[in-house]
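What follows is a set of notes on a single structure, which appears directly below.
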Amino acid sequence: MFSNLLAFHSLFRWLVIILLLITIALFTYKYFTKETFSIKNYRLLQITCWILNVQLVIGILLFSKSQLVYLLWDNFQETVKMRQPRFFGLEHPSMMLLGIILFNYFTFKVRNKINTTKAVTYFLKRFIIILIIILSSIPWSFSPLTNRPNFRDFYLTNL
Ligand code: HEM
């Protein structure tokens, strides 16, 4: 159960990233063409928000079952010095939570700015910051800090 959830969380990250990149590409396009932000564009933001919230729910489930998280919170003073428990029990969840809350908040705010051009610059900057927060908190396979496979097998999950 845990390993399949972990594999799903890992795979689902690609959908999160693709949607965030599409959102930013859309805002960048609007910025250069000076087009207004339409209700159709707003739907894309809502979909991205939903996908992020699904990832959040899976993350919370993993958090409540992870051995690394237990390890950290059982003996915080000692294990906070260890890279993996600190990353998965503290840094990763808090940064992702921050990114997801900000995305929800700004999506909510965009609602009042539909059909205006002024909003585009404002939101473009904020969504880029959110993308940076999320991308930098992913345990990429190439990360020197904490790494995990970029594509995890659903059946042979080994940590
Ligand atoms: C955009 C949001 C998120 C993305 C893209 C993301 C991505 C990832 C990735 C790629 C992994 C490694 C999976 C693997 O080992 O193959 C991971 C692990 C994990 N994530 Fe997230 N995550 C997100 C949000 C969250 C949130 C909000 C929480 C908790 C509240 C969370 C909790 C965890 C935990 C506990 C693990 C590791 C569990 C373990 O190995 O024991 N994640 N996440």
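Treat the numbers as computed from the prediction; the structure is a model and nothing was measured. When a residue number appears, it is its place in the shown sequence, counting from 1. As the structure lists them, so they are numbered: ligands from 1, and atoms in each ligand from 1.
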Kindly say whether L72 contributes a backbone atom to a donor-acceptor pair with the side chain of T79 at under 3.5 angstrom?
yes

With heavy-atom distances below 4.0 Å as the criterion, list the atoms of ligand 1 near L56.
27 (C)

Enumerate the atoms of ligand 1 whose separation from the nearest heavy atom of F88 is less than 4.0 angstrom.
18 (C), 19 (C), 35 (C), 36 (C), 37 (C)

Pi-cation contact, F123 with K125 (under 6.0 Å, within 45°):
no

With a 4.0 Å heavy-atom cut-off (strictly under), which part of L52 contacts ligand 1: side chain, backbone, both or neither?
side chain

Ring centre gap for W73 and F76 strictly below 6.0 Å
yes

Out of P139, S10, A7, S141, whose heavy atom is nearest to atom 11 (C) of ligand 1?
P139

Which ligand 1 atoms, with their elements, are less than 4.0 angstrom from a heavy-atom of R13?
5 (C), 10 (C)

R152-ligand 1 polar pair, N/O distance under 3.5 Å:
yes

Between F88 and R148, is there a cation-pi geometry (under 6.0 Å to ring centre, at most 45° from the normal)?
yes

Aromatic ring proximity F103/F127, centre distance under 6.0 Å:
yes

At under 4.0 Å between heavy atoms, is it the side chain or the backbone of F2 that contacts ligand 1, or both, or neither?
side chain

Is the cationic atom of R126 (NZ for Lys, CZ for Arg) positioned less than 6.0 Å from the six-membered ring centroid of Y122 and within 45 degrees of its normal?
yes

Any atoms of ligand 1 less than 4.0 Å from a non-hydrogen atom of F63? List them with their elements.
35 (C)

Under 3.5 Å donor-acceptor, R43 side chain and K40 backbone:
no

H92, any N or O under 3.5 Å of ligand 1 N or O
yes

